[in-house]
Amino acid sequence: MFLEFKKQVTSILRDAIASLGLQTDDLGLEASQHADIASKAAFRLASQARQNPKELAERISEAIILPEDSLIGKITTVGPYINIDANRKYIDETVFRIRQEEAGFGGGFCQGRILLEHTSANPNGPLHVGHIRNSIIGDTLMRVLRRAGYDVETQYYVNDMGRQIAIVSWALSLFGFDSSRKPDHAIADVYIKANAELIANPEKVSEIDSRMQLVEKGDEATIKSFDDAVAFAIKGIRETLQRMNVTHDSFPHESGFIRSGAVSRIVGEIKAIGRTEIDNGALVVDLSDYGFEKTLVIQRSDGTSLYTTRDLAYHEWKGERADRMIDVLGADHKLISGQLKATLNAIGKREPEIVIFEFVSLPEGSMSTRRGKFIPADELLDQIEKQAYAEVDKRRPEMPDEFKKEVARNVGIGAVRYDIVKVSPEKSTVFNWKEALDFEKQGGPFIQYSHARACNILKKAEEEGLWDPSRPIDPSLLVEDTEVDLVKKMASFDSVIDTSARELKPNAIAIYARELAESFNQFYRFVPVINAEDEELRAIRLALVDCARIVLASALDTLGIAAPESM
RNA sequence: GGUCCCGUGGCUUAGCCAGGAUAUAGCAUCGGGCUUCUAACCCGAGGGUCAAGGGUUCAAAUCCCUUCGGGAUCGCCA
């Protein structure tokens, strides 16, 4: 709804400015505490108009002509600012639309097909608290983009032939597989042991190299040993992802691009444009004209491919299947992803949009699967659910155990997802148990609680025979500040989705959801619903609570957080 | 050493790309509020040289340069 309002504001300001014989593309529109929207156009046009911004703002404001039926209300100038408020129709229309569109409200304004890759952690162990930052950013982006209207397919790119996997397959042949453990954890156990073994006996590295050569040549027994190792790890990883409400539509494997011939074909294409040279037996690409001092190795001296080589083929394939490609990658991929894009560009292929997130480290230093220095996501989820269970038990002791467990699961995941997604991806963080398990913050559970509260009011009203969703309503009765603020907050949902989708910033949704919950809670404290003065007022306030329930549920869904009806 | 990201009240953090109206929230601290729709809530208070210095501009948390601090990365790992 806000997007429509903003569009109208843009249009009337453009017309007003044009009518003064001026012209600008930058209206300087911004959300403001002084109005629903504010324009700084007078600053931009002052020199062109040879007039000071304050007087110009007044002239522009006077030249504004409002069309019939617009959503724009009061227009005032304060100094050089033009402040524009929405009118009553904006409020009323928002209420009607939310109830009509329900879960669809606030979205559906974009189109196109997007391939979104995220997580793609090496299948050499379980996801740790760093990996899930990738998963949560990626999954939230998927939800944002889908809500915006895109057709999004998510992919987990499975590395099933790198050095790490060769080590895992070797490790399994050496130490066996402990089937009593969750499979990804069992893989990590032997992987860590194998790495220690290789450090103690460096001559054994040749066994790894030969495995890698065999797999690339297509040796069936070796391929099977790799596949088995990968399948174990991926099975466990998928369980963890599912626990966090993270889903992938497909799991393309790196080896597929070797076997299809796509890798050798793309190497041929790069050679054909004359960018390659042989350096110490390895095939390298010169990207100096793209600003990369160092060349990029795409083939080892023993002829085997590297991650980058296979990734080039993967992106070529993706580019043929979507309008946009988006990759969520850790900060360690900054350089390599730049080189990847440059290489794709050089051979005339589409380039992906890269979302980089900075690392999560431990107080004692960076995490490492190889050295066994990491906190598994499963452990965090176990701890948080345990903590959440204690919280539910404290608040709802009379409820059955099943209820408490269910709420603990939802609240625990909600707390974890919210905590991670609320921080901008470009900030590096240090994992802290005390903070991770703190439920006192206004986070996921705060928003979930607001939703449950809305549900509860409706439920109670229904029990008392006071709630009839089909009853005609009159939104003009919503005149309290907290009511109007709540409606306006809900109206701006589309704008938040739009910004978040365009800038690929999932944290914007987290902030919005918290503000929405806050608006609802303020309304709840200030205005009686079931005990409203008269029937008409009760009906519209119940409808408003219903609207809040709908938008809170949508916001939570966009964050991948469950919206419980009771907690 | 080169390159990239980050540095905002005691702690966590928004805003920075597209410079402008008293810098955003949360946690913690202090004070107030449950006979009323779930208090996982609400209201209020204190607390900030926006790392430091310089520059551009009518105007800088935001743009440019330098320095400091933290993170990432610098060919045959991914």
message = Taking any heavy-atom pair under 4.0 Å as a contact, classify A/Val360: base, sugar-phosphate, or nothing.
response = nothing
- Query: Looking for any heavy atom pair under 4.0 Å, which part of the strands does A/Glu515 touch: base, sugar-phosphate only, or nothing?
  - Reply: nothing
| Between B/rG69 and B/rA78, how far is it from one C1' atom to the other, in whole Å? | 29 Å
(Q) Distance criterion of 3.5 Å, no angle test: do you see the side chain of A/Arg300 paired donor-to-acceptor with the base of B/rG75? (A) no
*Can you check whether A/Tyr81 stacks with the B/rA21 base, using ring centres under 5.5 Å and planes within 30°?*
yes
Inter-nucleotide P distance (B/rG15, B/rG71), Å rounded = 23 Å
Could you tell me how far B/rU57 sits from B/rG19 if I compare only their C1' atoms? Round to whole Å. 9 Å
Answer for the Watson-Crick or wobble partner of B/rC27, both distances under 3.5 Å, is B/rG10
A/Phe526 atom CZ is separated from B/rC42 atom P, nearest whole Å, by 15 Å
Self-check item: Gap in Å between the two P atoms, one belonging to B/rC43 and one to B/rA21, rounded
Solution: 25 Å
message = With a cut-off of less than 4.0 Å, is there a side-chain N or O of A/Tyr449 near OP1 or OP2 of B/rA40?
response = yes
From the candidates B/rA78, B/rU8, B/rC37, the one with an atom nearest any side-chain atom of A/Asn122 is B/rA78
Which whole number of Å gives the distance between the P atom of B/rG47 and that of B/rC63? 29 Å
Residue-phosphate contact under 4.0 Å: A/Gln522 side-chain N/O, B/rC41 OP1/OP2:
no
5'-most contact on RNA chain B (nearest-nucleotide basis), A/Gln33 vs A/Asp279, goes to A/Gln33
**Asked** Are A/Lys459 and A/Glu462 close enough for a salt bridge, meaning some N to O gap below 4.0 Å?
**Response** no
Partner of B/rU3 under the Watson-Crick or G-U wobble criteria, both distances under 3.5 Å, comes out as B/rA72
Contacts of A/Asp26 and A/Glu391 projected onto RNA chain B by closest heavy atom; the upstream (5') one is A/Asp26
Among B/rG15, B/rA39, B/rA72, the one nearest any side-chain atom of A/Ala331 is B/rA72
| request: Would you state whether a donor and an acceptor, one from the side chain of A/Glu254 and one from the base of B/rA78, lie under 3.5 Å apart? | output: no
Practice prompt. Give a yes/no answer on whether the side chain of A/Lys422 brings an N or O atom under 4.0 Å of OP1 or OP2 in B/rG26.
Written response: no
- Using atom P of each nucleotide, how far apart are B/rG9 and B/rA14 to the nearest Å? 13 Å
* Asked: With distance as the sole criterion, is a donor-acceptor pair present between the side chains of A/Ser135 and A/Thr119 under 3.5 Å?
  -> yes
Regarding the side chain of A/Ile457, the nearest nucleotide among B/rG75, B/rA21, B/rC37 is B/rC37
Considering only heavy side-chain atoms of A/Lys460, the closest of B/rA78, B/rG20, B/rC37 is B/rC37
With the side chain defined as heavy atoms from C-beta on, A/Asn521 is closest, among B/rC77, B/rA72, B/rC41, to B/rC41
Is there a donor-acceptor contact under 3.5 Å from the side chain of A/His333 to the main chain of A/Leu329?
no
Discussion item. For A/Glu536, is there any backbone N or O sitting under 3.5 Å from a side-chain donor or acceptor partner on A/Asp534?
Written reply: yes
Does any N or O donor sit under 3.5 Å from an N or O acceptor when you compare the side chain of A/Ser32 with the base of B/rA21? yes
Winner on side-chain proximity to A/His34, out of B/rC42, B/rU38, B/rU22, is B/rU22
Practice prompt. Give a yes/no answer on whether the side chain of A/Arg525 brings an N or O atom under 4.0 Å of OP1 or OP2 in B/rA39.
Written response: yes
Classified by glycosidic angle (syn within 90° of 0, else anti), B/rG53 comes out anti
**Message:** What's A/Arg396 touching, base or sugar-phosphate or nothing? Going by heavy atoms closer than 4.0 Å.
**Reply:** base
Please check the phosphate of B/rA78 (OP1 and OP2 only) for any side-chain N or O of A/Asn159 closer than 4.0 Å. no
Pairwise P distance for B/rU66 and B/rG2, with rounding to whole Å: 10 Å
Next on the checklist: Between A/Asp481 and A/Lys488 (salt bridge meaning N to carboxylate O under 4.0 Å), is one present in this structure?
Outcome noted: no
Less than 4.0 angstrom between a side-chain N/O of A/Arg453 and OP1 or OP2 of B/rU38, yes or no?
no
Original post:
With side chains defined as the heavy atoms from C-beta onward, is the minimum distance between A/Ile447 and A/Tyr418 less than 4.5 Å?
Top reply: yes
- Task: Assess A/Arg514 against A/Phe446: is NZ or CZ under 6.0 Å from the centre of the six-membered ring, and within 45 degrees of the ring's axis?
- Result: no
With the side chain defined as heavy atoms from C-beta on, A/Leu306 is closest, among B/rA72, B/rC74, B/rC76, to B/rC76
Item to check | Basic-acidic side-chain contact under 4.0 Å: A/Glu358, A/Lys334 | outcome: yes
Original post:
Looking across every strand, which nucleic acid part, if any, lies under 4.0 Å from A/Phe446 by heavy atom: base, sugar-phosphate, or nothing?
Top reply: sugar-phosphate
| Does a nitrogen or oxygen in the side chain of A/Arg163 sit under 4.0 Å from OP1 or OP2 of B/rC76? | no
What about A/Lys334, does its side chain sit under 3.5 Å from the base of B/rC4 through a donor-acceptor pair?
-> yes
Practice prompt. May I ask whether A/Phe439 stacks on the base of B/rA40, given the cut-offs of 5.5 Å between ring centres and 30° between planes?
Written response: no
The Watson-Crick or G-U wobble partner of B/rC37, with both key distances under 3.5 Å, is none
Requested in this report: Salt-bridge test for A/Lys40 and A/Asp26: reply yes if a basic N is under 4.0 Å from a carboxylate O, no otherwise.
Outcome: no
Item to complete: Report yes if at least one side-chain N or O of A/Tyr524 is closer than 4.0 Å to OP1 or OP2 of B/rU38; otherwise report no.
Response: no
Taking the C1' atom in each of B/rC5 and B/rG48, what is the distance between them to the nearest angstrom? 24 Å
At less than 3.5 Å, do the side-chain atoms of A/Asp25 and the base atoms of B/rA18 form a donor-acceptor pair? no
Any N or O donor-acceptor pair linking the side chain of A/Ser428 to the base of B/rG70 at under 3.5 Å? no
- Task: Ignoring backbone atoms, establish whether A/Gln442 has a side-chain N or O less than 4.0 Å from OP1 or OP2 of B/rC42.
- Result: yes
